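Since we're looking at a predicted model, the values are computed, not measured. Letters A, B, ... are given to chains in the order of the sequence lines, protein chains preceding strands, and every chain is numbered from 1.
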Amino acid sequence: MKGSVVIVIFFVLGVYSGMNNFIPYSAEQNNLSFYVLCCLMFFVGFSIGANKDSLESFKKIHPYYFLLPVVTVVGTLVGVTFLSLFFANRSLQDVLAVGSGFGYYSLSAIFISKYKGAELGTVALLANITREILTLLLAPLMVKYFGRLAPISAGGATTMDTTLPVISKYSGKEYVVVSVFHGVIVDLSVPFLVTLFCLL
Amino acid sequence: MLLGVATGLFFRRFSLSWLQFLINILIWLLLFLLGLEVGGNKHIIDGFAELGIEAILIGSSAVIGSVVASALFMRWLTKKKGQNIK
């Protein structure tokens with residue numbers, strides 16, 4: 001939660017500076033954010049690869065749970081597709097691209113603004129922050145009505161870090177390893193799926 | 001990203017805390033740049049409330065979709081494995 005507040009503060013600072021032209025910067029004229037994004041992707045990958053504990057513990061997971069990331073991805077895409085039936089002003093691909101952020105707001109917002117412009121990027125940022133906040137707030141209700149895997153699915157790519165504490169608390173400690181595994185896999189799917197739906 | 005995973009495998013003893021810090025700095029920088037772009041675009045600023053509502057709807061439907069899917073998956077699991085699933 002604290003992390004997302006800091007992120008929003010940086011975003012708002014950027015908006016404010018942009019509105020007042022404090023910093024002469026034009027996204028069309030330079031590729032600074034693309035290079036920073038490449039660095040970021042490298043380090044995110046690095047942190048997954050270097051995390052020995054998580055890679056070791058995945059061996060203990062029951063094989064059926066390997067399907068959970070797929071369940072999350074399919075459920076999310078079906079959910080947003082259903083919504084897009086009522087959205088006249090956005091194409092299905094746009095909505096699917098935003099949905100494919102799976103709560104990874106920083107990364108998906110940057111990717112989408114690269115491919116589809118800052119407007120949809122802003123939607124992606126806010127939509128995926130919404131997802132994380134809903135998971136944090138509603139985890140106990142999700143467990144009660146939809147089972148112990150529900151907050152893990154709802155958390156999407158965030159279940160290896162920001163939403164892990166609430167999952168451990170409400171789904172139970174025995175689901176922590178499943179949750180981290182799920183987070184890593186969904187995390188890795190974000191750049192691929194977002195790019196795919198942006199290019200469709 | 002995959003290159004990073006591969007490199008990470010070779011540097012397992014690396015301290016992860018500075019790495020997390022570095023990732024945070026990069027994310028902050030990128031979000032600031034996105035904000036700059038948004039702030040410089042009058043069209044987006046004018047429609048911000050509308051974009052926010054749209055975003056909340058997409059976020060909520062993504063959560064509902066995945067939660068329902070996980071409930072169906074849970075039911076399938078219990079059927080499949082009986083009492084063996086923790």
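- Interface check for chain A: of the options B/Ser60, B/Ser61, B/Ala69, the most heavy-atom pairs under 4.5 Å are formed by B/Ser61.
- Both A/Tyr115 and A/Leu96 belong to a single network of hydrophobic side chains, linked directly or stepwise wherever heavy atoms of I, L, V, M, F, W or Y lie under 4.5 Å apart.
- Side chains of B/Phe32 and A/Ser17 form a contact here, defined as non-hydrogen atoms less than 4.5 Å apart.
- The parts of A/Arg148 that come within reach of chain B are both its backbone and its side chain, each placing non-hydrogen atoms under 4.5 angstrom from that chain.
- Neither the backbone nor the side chain of A/Tyr145 comes within less than 4.5 Å of any heavy atom in chain B.
- Taking hydrophobic clusters as Ile, Leu, Val, Met, Phe, Trp and Tyr residues chained together by side-chain heavy-atom distances below 4.5 Å, A/Val70 does not share a cluster with B/Phe73.
- In this structure, the portions of A/Val71 lying under 4.5 Å from any heavy atom of chain B include both its backbone and its side chain.
- Linking ILVMFWY side-chain heavy atoms closer than 4.5 Å, directly or via other members, places A/Leu196 and A/Leu92 in a single hydrophobic cluster.
- In the hydrophobic clustering of ILVMFWY residues, with side-chain heavy atoms under 4.5 Å counting as a link, A/Val98 and A/Leu85 come out apart.
- Both the backbone and the side chain of B/Leu51 come within less than 4.5 Å of a heavy atom of chain A.
- Atom CH2 of B/Trp76 sits about 5.5 Å away from atom CG of A/Leu67, to the nearest 0.5 Å.
- Other residues, nucleotides and ligands contribute more than 12 heavy atoms inside 6.0 Å of the CZ atom of A/Phe66.
- Here the CD atom belonging to A/Glu119 is positioned 7.5 Å from the CD atom belonging to B/Glu54, to the nearest 0.5 angstrom.
- Shown here for B/Ser70 and A/Ala150, the closest heavy-atom pair between the two residues is OG-CA, 3.1 Å.
- Per-residue counts of heavy-atom pairs under 4.5 Å with chain B were compared for A/Gly79, A/Ser84, A/Ala127; the largest is that of A/Ala127.
- A/Thr130 touches chain B through its side chain: at least one heavy atom from C-beta onward sits under 4.5 Å away, while N, CA, C and O do not.
- Using a 4.5 Å heavy-atom threshold, the side chains of A/Phe87 and B/Ile58 count as touching.
- At a threshold of 4.5 Å between side-chain heavy atoms, the hydrophobic network of Ile, Leu, Val, Met, Phe, Trp and Tyr places A/Phe111 and A/Leu199 in one connected group.
- For A/Val74, no part sits under 4.5 Å from any heavy atom of chain B, backbone or side chain.
- Looking at A/Leu125, only its side chain comes within 4.5 Å of chain B, counting heavy atoms on both sides.
- For the pair B/Leu77 and A/Leu149, the minimum side-chain heavy-atom distance is below 4.5 Å.
- Counting heavy-atom pairs closer than 4.5 Å to chain B, the top-ranked of the candidates A/Leu134, A/Val78, A/Thr72 is A/Leu134.
- A/Leu13 touches chain B through backbone and side chain together, each having a heavy atom under 4.5 Å away.
- In this structure, B/Gly52 and A/Leu126 approach most closely via the heavy-atom pair CA-CD1, 3.9 Å.
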